[in-house]
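Values below: every heavy atom of this structure, side chains too, minus hydrogens, waters and symmetry copies. Chain letters run A, B, ... following the sequence lines, proteins first and then strands; every chain starts at 1.
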Amino acid sequence: MPVTTTAQQLRLYNTRTRSADVFKPINDPTVLMYVCGPTVYDEAHLGHARCYITWDVLFRFLKHLGYDVKYVRNITDVDDKILNRAAENGEAPSALAGRFTRRFHEVMAQLNVAEPTLETKATEYIGPMLEMVAILVEKGSAYVAADQTVYFHTPSFNAYGQLKGQNLDDLEAGARVEVDPNKKSPLDFALWKPVDLSGGTLVKGEQYWDPADYGCRQFVPGRPGWHIECSAMSRTELGDQIDLHCGGLDLIFPHHDNEIAQSEACTGVHPFSQVWMHNGFVNVSGEKMSKSLGNFSTIAELLTVYDANTIRYFILTNKYRSPVDFNEAALDSAQNWVKKRHGLIHTMYEADNDAQAFGTMAAFAQRATAFWRDKNFSALFDQADQTLEVLYDELKGRFDEKMSNDLNTPEALADLNELFHGFTKENDPQYKKLCFSAFLYFSSVLGFDFVTPPVGAGGNLEAHQAALEALLGEVSPGDHVAGQGGGSADSLLQAIIAVRAEARASKNWAVSDQIRDGLGAIGIQLKDQKDGPTTWDWA
RNA sequence: GGCGACAUGGCCAAGUGGUAAGGCAGGAGACUGCAAAUCUCUUAUCCCCAGUUCGAAUCUGGGUGUCGCCUCCA
């Protein structure tokens, strides 16, 4: 059983049942989780960020609860969009897909999105896909059309359209799709698309695959249809039945309904996934963000202005199913929230002798994890006592309760604010330590990184070496000779701060202000503290 | 045409039957040589109308408005 200290049960909204169901893994404590990954034909945008941050939080929270999570996320590296883009660029599809796969990895890492247990690439599962297609044809759920396309016959699956919540008649009534004469039914979808080899420029293994190579001689060379990859990868790596299948709202229909149809028709196991979860979209100033409207921001662009914590906070202040409106005011608000806490945490930690006994903040964070996740009291305290026990249960229970309510991250963030205040405003050392460690640990469950010191818009201090030397030369020409001694930028800054402290002590306001303004000019903001040394931060 | 979501203070956003979390911004004060940072205090009756109820932001009906899916999209 998962290590839980509370009686709360995790409830997750299930699109399949349209209610927030109590989550119970099929093979407790193992959780099998599959997330539909990106089609790698372009840069990842804010919508991707929301999607993968959302499921990252679910992944982290499940682990926090003590579950053993097997999390598979795919890379769709075979798709018409990839072929088209590659043709436009005049490059090989595999090269294009490879490039954007690497970009995706880079950007996810920068966003502090944890790697899944396993990442699967569609092109590496052609065999399992063909195997499923063959089974579906054999069972009468799919057929080979006159043009050799293999279609799934939707009327053969009587529960078709269950996620969408509409029956076949309604779907057809509102059909805006042109009827393909090859299809037996308008809603039938392709499992395997034949390739026209007459041109002679297509590359095997990139634009098409020969089923004969996989022992499927009944199909012609071609490429997989849109939906079969997820079914095949999920089945191969996680088995016929899984606990969680997640993705964007737009995937509900037809993608996920098609996955259900083909998987369940193939394996005979129902339900294919116990729980289907979908994250809401990102809008831009009230409008849908889409490539056709050209109003999307890539994650890489955003990261030049806002840090990963800011983007995450912006996303998590909304419940994951609600639409999120992207606008600069909201991002700026998020940035202020992050900055205030990130900076103050480090300032206070450095000034706290008690905390310093644990070494670096990273070391402290490790102890915090041992304490909060594993309930190891000795990680942070001499011994457990009743007060600590009560507070542990109370603080952890509160966080777990909020998150167990279908991942109510806005309320979990409100908890974080309270813990932050407990650290910065309360006086009792034990309570402060409790709150600070809880803040670090619970924020990490939400995927924040407050342990790494903040890096502001000013970038590396080294970049301002010359300016610092010049300033030091101006305000203290006697003791510190510019350009000598190989002083690091940091020691230069410390020397300047020391000079200012002397100037202030002797009421030499001119020099003091000169230093403050001079540093301000290169983006360094000084923070004078009432009872402590002057610290600095990027403005 | 079919299906669905949402409407809470200046902005963002929880709450879903017992009289409105949190954040950001703003205002006042403390601190400061002056600032900044920090700290303290501080701002709403929940789109409109009708109904159910002892009691509704929270349920029901109607209205208005915004948005999404049904076509590639996270």
*For G47(A), which contact category applies under a 4.0 Å heavy-atom criterion: base, sugar-phosphate, or nothing?*
base
_Protein-nucleotide distance (N427(A), atom CG; C39(B), atom P), rounded to Å_ = 13 Å
*asked:* Just checking H346(A) against Y349(A), ring centres under 6.0 Å apart?
replied: no
*Using the P atoms only, state how far U71(B) lies from C3(B), rounded to an integer number of Å.*
16 Å
*Which pairs pass salt bridge (charged side-chain N to carboxylate O under 4.0 Å, His left out) with one or both residues in residues 320-339 of chain A, sequence neighbours excluded?*
R321(A)-D406(A)
*Are the ring of F281(A) and the six-membered base ring of A74(B) within the stacking cut-offs of under 5.5 Å and under 30°?*
yes
*Give the rounded distance in Å between these two atoms: NZ of K339(A) and P of A25(B).*
11 Å
*For A50(B) versus C12(B), give the span between their C1' atoms, rounded off to a whole number of Å.*
32 Å
*Could you give the CD1-to-P distance, from I311(A) to A74(B), as a whole number of Å?*
18 Å
_Euclidean distance, atom CZ of residue R50(A) to atom C1' of G68(B) [Å, nearest integer]_ = 13 Å
*Would you kindly give the CZ-to-C1' distance between R85(A) and C73(B), to the nearest whole Å?*
12 Å
*asked:* How many whole angstroms separate atom NE2 of H245(A) from atom C1' of A74(B)?
replied: 13 Å
_If you apply the rule ring pair (Phe, Tyr, Trp, His ring centres under 6.0 Å), what do you find for Y306(A) with F314(A), and how did you get there?_
CA-CA 10 Å; Y306(A) 303 103; F314(A) 165 67; 8.7 Å; no
Anything under 3.5 Å between a donor and an acceptor, one on a side chain of residues 509-520 of chain A, the other on a protein residue two or more places apart or in another chain? List them.
unit_1  : atom_1 : unit_2  : atom_2 : d
S512(A) : OG     : R500(A) : NE     : 3.4
Q514(A) : NE2    : E474(A) : OE1    : 3.0

*asked:* Work out how far the C1' atom of C39(B) is from that of G9(B), and round it to whole angstrom.
replied: 24 Å
*If you write RNA chain B from 5' to 3' in dot-bracket form, with Watson-Crick or G-U pairs under 3.5 Å, [ ] for crossing pairs and | for pairs with another strand, what do you get?*
(((((((..(((.....[...))).(((((.......)))))....(((((..]....))))))))))))....
*U58(B) and U52(B): how far apart are their P atoms, nearest whole angstrom?*
15 Å
*Base, sugar-phosphate, or nothing for H421(A), non-hydrogen atoms under 4.0 angstrom?*
sugar-phosphate
*For each nucleotide in nucleotides 29-36 of chain B, reading 5' to 3', give B when a protein heavy atom comes within less than 4.0 Å of its base, S when such contact involves only the sugar-phosphate, and - otherwise.*
--S-BBBB
_F439(A) and F450(A) aromatic centres sub-6.0 Å_ = yes
*Would you indicate what R341(A) reaches in the nucleic acid, counting non-hydrogen atoms under 4.0 angstrom: base, sugar-phosphate, or nothing?*
sugar-phosphate
*How would nucleotides 10-15 of chain B be written as a contact map, 5' to 3', with B for base contact, S for sugar-phosphate-only contact and - for no contact, using protein heavy atoms under 4.0 Å?*
---SSS
*Among side-chain atoms of H278(A) and Y320(A), is any donor-acceptor pair under 3.5 angstrom?*
no
_Determine whether a donor-acceptor pair (N or O, by modelled atom type, separation under 3.5 Å) exists between the side chain of N89(A) and the backbone of E91(A)._
no
*Which value, in whole Å, describes the distance between the C1' atoms of nucleotides C6(B) and U38(B)?*
39 Å
*Should the ring pair H245(A) and F272(A) be called parallel, tilted or perpendicular, given that the plane angle runs from 0 to 90° and is split at 30 and 60?*
perpendicular
*Rounded off to whole Å, could you give me the CD-to-P distance for the E328(A) and A25(B) pair?*
16 Å
*Whole angstrom is fine here: how far is it from CG in L519(A) over to P in A37(B)?*
16 Å
_Nearest to the K81(A) side chain among C39(B), G23(B), C72(B), which nucleotide is it?_
C72(B)
*Please confirm whether R341(A) makes a cation-pi placement over F420(A), using NZ or CZ under 6.0 Å from the six-membered ring centre and within 45° of the ring normal.*
yes
*Give the intermediate values and the outcome of side-chain contact (heavy atoms from CB on, under 4.5 Å) for residues T154(A) and F189(A).*
CA-CA 8 Å; T154(A) 49; F189(A) 58 91; 3.9 Å; yes
*In whole angstrom, give me the gap between the C1' atoms of G4(B) and G10(B).*
31 Å
*Of all the nucleotides listed (C72(B), A25(B), A74(B)), which has the minimum atom distance to the side chain of K340(A)?*
A25(B)
*asked:* Quick check against the 3.5 Å criterion: does T15(A) have a side-chain atom that pairs as donor or acceptor with the backbone of W276(A)?
replied: yes
*Of T424(A) and Y313(A), whose nearest nucleotide on RNA chain B comes first from the 5' end?*
Y313(A)
_G2(B) versus G62(B) - spacing of their P atoms, nearest Å_ = 15 Å
With a 3.5 Å cut-off and sequence neighbours excluded, list the donor-acceptor pairs that the side chains of residues 296-305 of chain A form with protein atoms.
unit_1  : atom_1 : unit_2  : atom_2 : d
T298(A) : OG1    : E301(A) : N      : 3.1
E301(A) : OE1    : T298(A) : N      : 3.3
T304(A) : OG1    : E301(A) : O      : 2.5

*Which atom names give the shortest non-hydrogen contact between K432(A) and F423(A), and what distance separates them?*
CE-O, 3.1 Å
*Using the P atom in both, what is the distance from U53(B) to A13(B), to the nearest Å?*
35 Å
